[in-house]
Amino acid sequence: MAGSVSNAYIAGMGMYVPPKVMTNEDFARIVDTSDEWITQMTGIKERRHVEADVATSDLATAASKMAMEKAGVTPDEIDMIIVATATPDMFFPSTACLVQTNIGAANAFAYDIVAGCSGFIYGLVIAEQFIKAGTVETILLIGAETLSKVSDMTDRNTCVLFGDGAGAAILRPCEAPKGIIDHVIGSDGSLGSLLSLPAGGSRLPASHETVDKNLHMIYMDGRKVYVNAVKKMGDSVVQVLEQQNLTGDDMDILFPHQANLRIIESVAKRAKMPGEKAYVNIQKYGNTSAASIPLAMCEAIDDGSLKEGMLVGLVAFGAGFTWASALMRW
Ligand code: ACO
């Protein structure tokens, strides 16, 4: 494909969540917590957990097959695969290469990106650049996580928050006004230690000591993450609207990263939009990091909330810290 095209759009989406449901009551039997605390503080009622022998690429593969079917795209038509994940199957090969083999996308090049909970929007921005440059035509973008594998099941501060799942999108060129309109993207590495998975990399390679100290599990300063998430998600959704001379009123539906219902409500308020326009499914899946926005979009397509012609907003914040927002005409 040569020359530039006007826009990139999502031609089809797919999702997969593992069947095992972990309710708040299940957690109350493991750690000192309650359904009341988790519901009031986060909005989460249940989340999904994979079985021990299931990895991120398994979820990503299932979501990808559904996205290809919905978009009417065959594996050999896919030029590029991006997997956004903080929980890859292993350091290398990339989860994207594992998915490539699983779906038989022999003509694609594939790689992972690590941008925490902002990973899906980061991937969307990357995909848009390739499509607009005219160098690539069909992209499979996946947000997939198995956060249960890195959650310390003895730490009530974190274990109740996270869930497993995958969402996938096929991106293709289109004519404006349809497609991705604008984005805001940013990061601040100076605050990275507030939300991290400390060991297992080159800084603290796996050892008996790192395992004994639980350093292969998520560490989070929840309060500080919360404050930064509210600010950065609010700022970036307002900024992307202002860049297009739009307001929260103009947006038909917003897909905020599903980390905490109170964060979502604050972001909607900051964007000066009615709370009902912010799509919420956190009660079913908890925080699935890079998978949360495509899971929400998929469910919104299914239940009729996301309709053709709508002005759609996306916004996320996550480990890094990273943040991003995007606007698209569905
Ligand atoms: N059940 C019962 N009590 C709990 C639980 C629990 N599951 N977790 C924490 N508590 C207790 C704490 O121990 C503390 O008790 P103490 O006062 O006796 O010490 C009390 O609740 C308050 O704890 P805080 O952490 O100060 O509570 P906070 O109001 O900050 O709420 C929460 C905690 C819900 C985790 C919040 O900080 C949050 O949602 N942060 C964002 C986290 C997040 O989503 N991170 C993921 C990645 S980034 C992103 O996705 C945006």
Side-chain angles (χ1 to χ4, degrees), residues 22-47 84-87 114-122 143-148 150-165 167 186-189 191-198 217-237 254-268 270 278 280-283 285-296 314-325:
M22 289 287 292
T23 64
N24 291 348
E25 286 78 13
D26 291 330
F27 276 95
R29 284 189 282 274
I30 304 171
V31 288
D32 181 13
T33 191
S34 63
D35 174 47
E36 192 191 4
W37 191 95
I38 302 170
T39 306
Q40 273 181 12
M41 297 299 277
T42 71
I44 301 166
K45 297 298 280 184
E46 55 188 47
R47 68 294 281 149
T85 186
T87 47
V114 185
C117 306
S118 312
F120 186 77
I121 308 181
Y122 265 59
E145 304 283 5
T146 47
L147 291 159
S148 65
V150 292
S151 295
D152 177 353
M153 293 301 165
T154 64
D155 177 10
R156 69 176 183 176
N157 293 291
T158 52
C159 70
V160 302
L161 303 174
F162 300 103
D164 303 335
S187 44
D188 180 357
L191 298 174
S193 62
L194 297 174
L195 176 56
S196 70
L197 204 154
M217 300 294 169
I218 296 170
Y219 165 78
M220 184 179 73
D221 183 330
R223 181 60 63 89
K224 287 188 181 143
V225 171
Y226 183 95
V227 169
N228 280 279
V230 165
K231 168 141 185 37
K232 290 298 183 186
M233 285 173 75
D235 285 353
S236 58
V237 76
L254 176 67
F255 292 97
H257 166 50
Q258 311 280 312
N260 183 311
L261 185 57
R262 293 180 295 143
I263 297 179
I264 294 172
E265 286 166 354
S266 306
V267 172
R270 178 78 199 288
V280 175
N281 66 353
I282 191 172
Q283 70 282 2
Y285 304 125
N287 182 346
T288 57
S289 191
S292 96
I293 288 178
L295 281 177
L314 314 179
V315 64
F317 175 88
F321 288 149
T322 60
W323 57 89
S325 63

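All values reported here derive from a predicted model rather than from experimental measurement. Both counts, for ligands and for their atoms, begin at 1 and track the order of listing.
- Inter-residue side-chain proximity for V225 and F317 is flagged as met; some heavy-atom pair is nearer than 4.5 Å.
- Taking a cut-off of under 4.0 Å to the non-hydrogen atoms of N260, the atoms of ligand 1 that pass are 34 (C), 38 (C), 39 (O).
- Annotation: atom 24 (P) of ligand 1 to nearest protein heavy atom, R223 NH2, 4.0 Å.
- With a 4.0 Å heavy-atom cut-off, ligand 1 is reached by the backbone of N157 and by its side chain too.
- Using a 4.5 Å heavy-atom threshold, the side chains of L194 and F321 count as touching.
- Checked against I218 for a side-chain contact (heavy atoms from CB on, under 4.5 Å), the options L147, L161, D155, D152 give a single hit: L147.
- N24 pairs with exactly one of R47, K45, E36 by the side-chain hydrogen bond (donor to acceptor under 3.5 Å, both in side chains) rule, that one being R47.
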>> If you apply the rule side chain to side chain contact (heavy atoms under 4.5 Å, CB included), what do you find for Q258 with I264, and how did you get there?
In response: CA-CA 7 Å; Q258 311 280 312; I264 294 172; 3.6 Å; yes
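- Any N or O atom pair closer than 3.5 Å counts here, and S34 shares no such pair with ligand 1.
- Distances from atom 21 (O) of ligand 1 to the protein include at least one heavy-atom value under 4.0 Å.
- In this model, no donor atom of one side chain and acceptor atom of the other lie less than 3.5 Å apart for E46 and T23.
- Atom 3 (N) of ligand 1 lies below 4.0 Å from at least one non-hydrogen atom of the protein.
- With sequence neighbours excluded, the residues that form a side-chain hydrogen bond (donor to acceptor under 3.5 Å, both in side chains) with S118 are T322.
- Looking from atom 40 (N) of ligand 1 to the surrounding protein, the closest heavy atom is G222 O, 3.1 Å.
- Looking from atom 31 (O) of ligand 1 to the surrounding protein, the closest heavy atom is M41 CE, 3.5 Å.
- When non-hydrogen atoms are compared, ligand 1 lies under 4.0 Å from the side chain of C117 (C-beta onward) but not from its backbone.
- At the top of the distance list for atom 43 (C) of ligand 1, counting protein heavy atoms only, stands M220 SD, 3.7 Å.
- Judged by the shortest distance from any of its heavy atoms, M233 lies outside the 4.0 Å radius around the atoms of ligand 1.
- Put simply, atom 51 (C) of ligand 1 has protein non-hydrogen atoms near it, under 4.0 Å away.
- Here the heavy atom of the protein found nearest to atom 33 (C) of ligand 1 is W37 CH2, 4.0 Å.
- Among residues two or more places apart in sequence or in another chain, the side-chain hydrogen bond (donor to acceptor under 3.5 Å, both in side chains) test is passed with D221 by none.
- Interface of A259 with ligand 1, defined as ligand atoms under 4.0 Å from a residue heavy atom, comprises 44 (O), 49 (C), 50 (O), 51 (C).
- Protein heavy atoms are absent from the 4.0 Å sphere centred on atom 18 (O) of ligand 1.
- Side-chain atoms of T85 come within 3.5 Å of backbone N or O of T87 as a donor-acceptor pair.
- When heavy-atom distances to ligand 1 are checked against a 4.0 Å cut-off, L195 comes that close only through its side chain, counted from C-beta outward.
- Looking only at side-chain heavy atoms (C-beta outward), T42 and V160 stay at 4.5 Å or farther from each other.
- Interface atoms of ligand 1 facing V160, defined by a heavy-atom separation under 4.0 Å, are 7 (N).
- Side-chain N or O atoms of E145 include none that pairs as donor or acceptor with a backbone N or O of A291 at under 3.5 Å.
- By the 4.5 Å heavy-atom criterion applied to side chains, H257 and F120 are not counted as neighbours.
- Residue-level proximity to ligand 1 for T42 is carried by the side chain, the only part with a heavy atom below 4.0 angstrom.
- The closest protein non-hydrogen atom to atom 15 (O) of ligand 1 is R156 NH2, 3.8 Å.
- The shortest distance between side-chain heavy atoms of I30 and M22 falls below 4.5 Å.
- For atom 46 (C) of ligand 1, the closest non-hydrogen atom on the protein side is N287 ND2, 3.2 Å.
- Ranking protein heavy atoms by distance to atom 1 (N) of ligand 1, first place goes to T33 OG1, 2.6 Å.
- Contact annotation: for F162 versus ligand 1, heavy atoms closer than 4.0 Å belong to the side chain alone.
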